[in-house]
*Asks:* 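Supplied in structure tokens, the structure appears directly below.
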Number of protein chains: 2
Amino acid sequence: MPASKKKLPLAADGRIWISTAEGKLVGKGRIELLEKIKQYGSIRQAAMAMEMSYRQAWQLIDDMNTKAQTPLVISTRGGKGGGNATVTEKGEQYIALFNSFNKKFQQLLAQQTQHFIF
Amino acid sequence: MPASKKKLPLAADGRIWISTAEGKLVGKGRIELLEKIKQYGSIRQAAMAMEMSYRQAWQLIDDMNTKAQTPLVISTRGGKGGGNATVTEKGEQYIALFNSFNKKFQQLLAQQTQHFIF
DNA sequence: TTTCGTTATACCTGTTGAGGTATAACGAAA
DNA sequence: TTTCGTTATACCTCAACAGGTATAACGAAA
């Protein structure tokens with residue numbers, strides 16, 4: 001064992017999000033929710049896939065749509081299937097934006113954790 | 001106004017910390033607390049300077065000392081002045097480690113926020 | 001052995017927010 | 001015009017947590 005003694009394993013950790021003046025707009029969970037809505041075309045099914053209540057999913061979406069100028073999710077109710085939800089082009093842009101940001105962040109965490117052989 | 005229309009101001013945001021298997025060890029607030037303890041040599045005065053209760057400061061210190069193998073803060077009670085607290089060499093190392101990590105993180109946030117002219 | 005300011009710890013309480021449940025609204029299709 | 005599954009929203013409850021207050025422990029100095 002060279003310079004480093006027997007060591008307590010340390011990790012660089014953190015959470016990131018994109019915010020407006022109103023506060024948090026999208027983070028990891030909300031982006032995943034958008035991706036599930038895109039996949040299923042349904043808020044309810046997206047919520048089930050993430051093991052969260054419909055209520056919570058709806059609140060997150062409502063908050064996003066309120067804070068962003070343009071809705072990230074558009075939903076309709078009634079009709080065939082009872083209703084549906086789709087992710088807008090704006091929503092897609094946020095997904096891409098966050099995932100790019102997050103990728104760089106994860107690289108930083110990994111790099112810093114390396115330095116923690118301490 | 002070139003490629004970007006009138007825009008909603010977005011910011012890359014986040015929080016970071018250093019964690020062990022037991023969870024969070026030090027973040028921004030705890031590092032600041034260590035710095036204040038170093039400055040004042042007193043848990044109570046450090047807490048006052050940060051406008052937190054002595055109780056909360058003590059709990060944070062206790063948690064850090066428990067999770068780290070080596071105490072980050074050593075305190076004595078009784079005697080001249082009623083007691084005192086000092087930051088150990090290990091504590092100083094965590095301060096330096098976190099501040100370095102945080103500096104790179106702040107750079108990432110600033111850089112990403114640039115890309116959010118979106 | 002009394003004083004004093006700090007460290008250490010127990011205890012109690014209000015708040016807030018996470019979460020579930022219930023129900024209304026809706027519109028296409030049969 | 002009835003059915004159906006989903007969206008939308010109101011309402012209620014309970015636990016966890018933040019935070020304050022009170023008090024014990026401590027030891028150097030006077």
Side-chain angles (χ1 to χ4, degrees), chain A residues 15 17 19 22-30 32-68 70-88 90-91, chain B residues 15 17 19 22-30 32-68 70-88 90-91:
Chain A
R15 299 183 60 80
W17 57 89
S19 62
E22 314 297 315
K24 180 177 179 176
L25 185 77
V26 291
K28 188 171 190 297
R30 292 177 184 210
E32 187 179 343
L33 181 61
L34 290 180
E35 290 170 337
K36 297 292 184 189
I37 289 172
K38 181 182 176 184
Q39 177 181 354
Y40 293 110
S42 158
I43 294 175
R44 182 167 300 279
Q45 286 186 58
M48 285 181 59
M50 291 187 66
E51 294 185 342
M52 71 170 63
S53 67
Y54 171 85
R55 168 198 155 83
Q56 184 174 359
W58 185 86
Q59 285 178 333
L60 293 175
I61 293 165
D62 182 60
D63 188 62
M64 285 188 271
N65 283 347
T66 300
K67 285 177 180 168
T70 310
L72 308 192
V73 172
I74 291 180
S75 56
T76 64
R77 62 178 169 181
K80 179 189 176 192
N84 68 86
T86 59
V87 176
T88 65
K90 198 67 153 185
Chain B
R15 298 182 59 79
W17 57 90
S19 62
E22 314 298 315
K24 180 177 179 176
L25 185 77
V26 291
K28 187 171 190 299
R30 292 177 184 211
E32 188 179 343
L33 180 60
L34 290 180
E35 289 171 339
K36 295 292 184 191
I37 290 172
K38 181 182 176 184
Q39 177 181 352
Y40 293 110
S42 158
I43 294 175
R44 182 167 300 277
Q45 287 187 57
M48 285 182 59
M50 291 187 66
E51 293 185 344
M52 71 169 63
S53 67
Y54 171 84
R55 169 197 154 82
Q56 184 174 358
W58 185 86
Q59 285 177 334
L60 293 176
I61 293 166
D62 183 59
D63 187 63
M64 286 188 271
N65 283 346
T66 300
K67 285 177 179 166
T70 311
L72 307 192
V73 172
I74 292 180
S75 56
T76 65
R77 62 177 167 181
K80 179 190 175 191
N84 67 87
T86 59
V87 176
T88 65
K90 199 66 154 187

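On a predicted model such as this, the values are computed, not experimentally measured, just so you know. Order of the sequence lines fixes the chain letters, A, B, ..., with proteins taken first and strands second; residue numbering starts at 1 for each chain.
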*Asks:* Take a 6.0 Å sphere around CD of A:Gln59 and say whether it holds more than 12 heavy atoms from other residues, nucleotides or ligands.
*Replies:*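 Counting neighbours around CD of A:Gln59, more than 12 heavy atoms of other residues, nucleotides or ligands fall under 6.0 Å, so yes.
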*Asks:* Rounded to whole angstroms, how far apart are NZ on B:Lys80 and C1' on D:dC26?
*Replies:* 17 Å
*Asks:* How long is the straight-line distance from OG of A:Ser42 back to CG of A:Asn84, given to the nearest 0.5 Å?
*Replies:*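 One gets 8.5 Å once the value is rounded to the nearest 0.5 Å.
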*Asks:* Rounded to whole Å, please give me the gap between CD in B:Gln59 and C1' in C:dT9.
*Replies:* 10 Å
*Asks:* Just N and O in the side chain of B:Thr76: are any of them under 4.0 Å from OP1 or OP2 of D:dG27?
*Replies:*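 For B:Thr76, the contact criterion (side-chain N or O under 4.0 Å from OP1 or OP2 of D:dG27) is not met.
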*Asks:* Would you say that more than 12 heavy atoms from the other residues, nucleotides or ligands in this model lie under 6.0 Å from the NZ of A:Lys28, or not?
*Replies:*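 Atom NZ in A:Lys28 is not crowded, with 12 or fewer foreign heavy atoms closer than 6.0 Å.
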*Asks:* Name the closest nucleotide to the B:Arg77 side chain, picking from D:dA24, C:dA29, D:dT7.
*Replies:*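 Selected nucleotide: D:dA24.
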*Asks:* Please confirm whether the backbone N or O of B:Leu72 pairs with a side-chain atom of B:Asn65, one donor and one acceptor, at under 3.5 Å?
*Replies:* yes
*Asks:* Could you walk me through whether A:Leu34 and A:Met64 pass the side chain to side chain contact (heavy atoms under 4.5 Å, CB included) test, one step at a time?
*Replies:* CA-CA 10 Å; A:Leu34 290 180; A:Met64 285 188 271; 4.1 Å; yes
*Asks:* Tell me whether the OP1 or OP2 atom of C:dT7 has a side-chain N or O from B:Trp58 closer than 4.0 Å.
*Replies:* no
*Asks:* Check each residue of residues 36-52 of chain A for a non-hydrogen atom within less than 4.0 Å of any atom in DNA chain C, then write out the ones that pass by number, or none.
*Replies:* none
*Asks:* Look at the side chain of A:Arg55 and decide which nucleotide, out of C:dA24, C:dT7, C:dG20, has an atom nearest to it.
*Replies:* C:dG20
*Asks:* Based on Watson-Crick and G-U pairs with both distances under 3.5 Å, what dot-bracket line describes DNA chain D 5' to 3', crossing pairs as [ ] and inter-strand pairs as |?
*Replies:* ||||||||||||||||||||||||||||||
*Asks:* Select from A:Gly83 and B:Gly79 the residue whose nearest nucleotide in DNA chain D is closer to the 5' end of that strand.
*Replies:*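 Comparing both residues, the 5'-ward one is A:Gly83.
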*Asks:* So, the side chain of A:Lys67 versus the backbone of A:Lys24: is there a donor-acceptor pair under 3.5 Å, distance only?
*Replies:*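 Checked: pair present.
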*Asks:* Using 0.5 Å steps for rounding, measure from the CD atom of B:Gln39 to the CD atom of B:Glu32.
*Replies:*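 Rounded to the nearest 0.5 Å, the CD-CD separation comes to 10.0 Å.
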*Asks:* From the set D:dT21, C:dG20, D:dA8, return the single nucleotide nearest to any side-chain atom of A:Ser53.
*Replies:*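 Looking only at side-chain atoms, A:Ser53 lies closest to C:dG20.
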*Asks:* Between D:dT7 atom P and A:Gln56 atom CD, what is the distance in whole Å?
*Replies:*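 Spelled out: CD on A:Gln56 to P on D:dT7 is 16 Å.
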*Asks:* Any donor-acceptor pair under 3.5 Å linking the side chain of A:Arg44 with the backbone of A:Tyr54?
*Replies:*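 Not at all, since once roles are kept as given, no pair shorter than 3.5 Å links the two residues.
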*Asks:* Please state how far atom CG in A:Leu33 lies from atom C1' in D:dT7, giving the value in whole angstrom units.
*Replies:* 14 Å
*Asks:* Just checking A:Met52: does its CE atom have more than 12 heavy atoms from other residues, nucleotides or ligands closer to it than 6.0 angstrom?
*Replies:* yes
*Asks:* CG of A:Asn84 versus C1' of C:dG27: gap in Å, rounded?
*Replies:* 12 Å
*Asks:* Rounded to whole angstroms, how far apart are CD1 on B:Ile74 and C1' on C:dT7?
*Replies:*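 It is 14 Å, rounded to the nearest whole Å.
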*Asks:* Just the rounded figure in Å: distance from P of C:dA8 to CG of B:Leu60.
*Replies:* 14 Å
*Asks:* To the nearest Å, how far apart are A:Asp63 CG and D:dA8 C1'?
*Replies:* 16 Å
